[in-house]
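Everything on this sheet refers to the single structure shown next.
All ligand and atom numbering here is 1-based and tracks the order in the structure.
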Amino acid sequence: MAKLTKLEDIVSLCKRRGFIFQSSEIYGGLASCYDYGPLGVELKRNVRNEWWKSTVQMRDDIVGLDCSIFMHPLVWKASGHADKFADLIVECKKCNVRSRVDHLARHAQEHTAHVSIETAQKDAQNLSNKVCPACGTVGKFTEPMPFRLMFETQMGANVDDSMTIFLRPETAQGIFVNFRNVLDTTRVKVPFGIAQIGKSFRNEVTTKAFIFRTREFEQAEIEFFCAPGTDEQWYEHWKEVRFKWYLDLENLRLRQHEKDELAHYAKACVDVEYKFPFGSGDWQELEGIANRTDFDLRQHQKGMRTLNAWYEKKGDLSKIELNSEAEDYEKGPLSFFDEQTGKRFIPYVIEPSAGIDRSSLAFLVDAYDEDEVKGEKRNLLRFHPAIAPIKAAVFPLVKKDGMPEIAVKIYDNLKKYFTCFYDEKGAVGRRYRRQDEAGTPFCITVDGQTKEDNTVTVRERDSMKQERVNLSQVKQYLREKLDL
Ligand code: ATP
């Protein structure tokens with residue numbers, strides 16, 4: 001259905017209709033940061049709400065959490081991010097522009113996924129005939145160097161006791177470090193999950209892919225804790241559940257990671273991918289679903305035991321080794337005692353990790369359509385009603401004969417239940433087109449007949465069919481059609 005073939009087209013549609021703007025645009029913009037405009041903010045909020053509804057509200061085995069973005073620095077040592085979360089880059093000796101080694105080696109498009117440092121190191125042996133994308137010079141690159149993707153900042157006012165902390169590059173670690181808290185304060189028992197939506201930050205090297213890859217973005221993550229031995233069955237469960245969640249997106253597939261793509265801790269990983277119509281027209285990741293084994297909870301048990309060393313080394317993470325002394329890990333503070341089997345174990349974790357911005361972009365691209373009405377081109381966004389930014393627009397046919405008064409009354413009543421829009425300016429045909437472009441599923445028009453028989457016309461966006469509905473039934477009619 002999507003008829004957008006160029007990234008520029010989607011960028012300009014987003015700007016024109018108030019979905020997404022460049023951040024700090026009046027100052028020339030800030031690279032790879034974006035602001036959601038009036039329609040965009042509603043779209044994104046709906047995507048977020050749908051995710052939360054299906055994962056937390058509708059399930060009895062998942063609870064929610066909202067962790068702080070700043071976390072103890074040792075968290076990132078234990079998780080592996082402090083040492084390993086980096087892209088391998090080289091600098092062009094002529095123009096000094098830095099590029100990702102894997103991108104140079106593979107002629108990759110801008111929004112291609114990260115590879116592991118080990119894979120990038122293999123790629124680095126192969127750059128002698130590669131071209132700098134900025135200046136075109138061939139094979140004149142510096143030695144490869146790791147570029148840390150986490151943003152650093154200082155916390156605390158005093159020079160002596162301030163410390164270096166990081167903006168979180170994923171929300172998952174906040175869940176792991178609260179595993180014990182949730183277990184001790186709620187009725188949950190393994191198997192269960194903890195879900196969180198929040199901002200994450202990565203100092204991405206390559207960023208020219210609009211909101212597909214940004215430096216500040218929103219993630220929606222579930223860490224699902226289960227008994228070792230049941231992990232494969234839960235992994236299959238989550239693959240199926242998450243694939244189905246993407247409403248009616250066309251061009252969607254699951255892609256199993258090859259063995260050499262897997263992170264060192266992962267037993268298996270699959271990506272939910274969408275075929276974006278622009279760029280290379282490639283399948284691109286919207287969400288990763290990984291079997292993380294018991295890696296994270298074990299690592300945090302080590303991290304907890306490394307606290308003294310952290311104080312001794314004055315918080316310098318590069319000088320600290322995680323405490324890996326032999327220990328009966330299964331009995332550690334992040335273990336779980338299963339009363340039914342009488343066994344204590346460190347739970348395995350299945351992690352479905354989605355991007356709210358990326359899926360919003362996919363929903364937008366997928367919804368875009370063009371058709372012809374009476375010889376005129378019509379642009380529309382065929383959003384699923386659950387994510388449409390505005391659910392209904394209310395118009396008086398003309399600005400007289402008491403029609404605006406009735407329309408305002410309908411609008412005031414409906415906006416208590418749905419996001420609505422009132423418009424009385426210009427020809428009604430033009431008003432319909434504007435709402436089609438915004439993806440509004442229904443338009444309600446008060447006309448001459450309304451005063452006579454208390455009915456209004458309700459026009460449906462996709463079919464453009466109009467029905468007369470009694471004023472007293474409008475709310476119920478929308479509820480049923482929108483399934484809200
Ligand atoms: P990629 O390889 O494309 O950078 P990733 O495998 O590093 O993605 P994960 O760490 O698995 O991504 O993060 C889970 C999800 O978070 C991704 O599937 C994506 O939807 C989202 N995400 C990750 N990085 C970004 C980013 N820089 N901008 C926007 N969304 C992102």
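Cation-pi geometry between R48 and W51 is not met at under 6.0 angstrom from the ring centre and within 45 degrees of the axis.
Between E221 and ligand 1, no N or O atom pair is found at a separation short of 3.5 Å. The shortest N/O to N/O separation between I211 and ligand 1 does not fall below 3.5 Å.
Residues that satisfy the side-chain contact (heavy atoms from CB on, under 4.5 Å) test with I69, not counting sequence neighbours, are L167, R168, K199, F201.
The part of E204 lying near ligand 1 is the side chain, judged by heavy-atom distances below 4.0 Å. Using a 4.0 Å cut-off between heavy atoms, R213 contacts ligand 1 through both its backbone and its side chain.
The residue from F212, Y274, F210 that puts a heavy atom closest to atom 29 (C) of ligand 1 is F212.
The shell of residues lying under 4.0 angstrom from ligand 1, judged by heavy atoms, includes L286. At least one heavy atom of Q219 sits closer than 4.0 Å to an atom of ligand 1.
Between V56 and G64, the shortest heavy-atom distance links the atoms CG1-N, 4.0 Å. Of all the heavy atoms in G198 and T171, the pair that sits closest is O-CG2, 3.6 Å.
Taking the six-membered ring for Trp, Y34 and Y36 have ring centres at least 6.0 Å apart.
Pairs of residues two or more places apart, or lying in two chains, that qualify as side chain to side chain donor-acceptor pair (under 3.5 Å) and include a residue from residues 135-151 are R148-E152.
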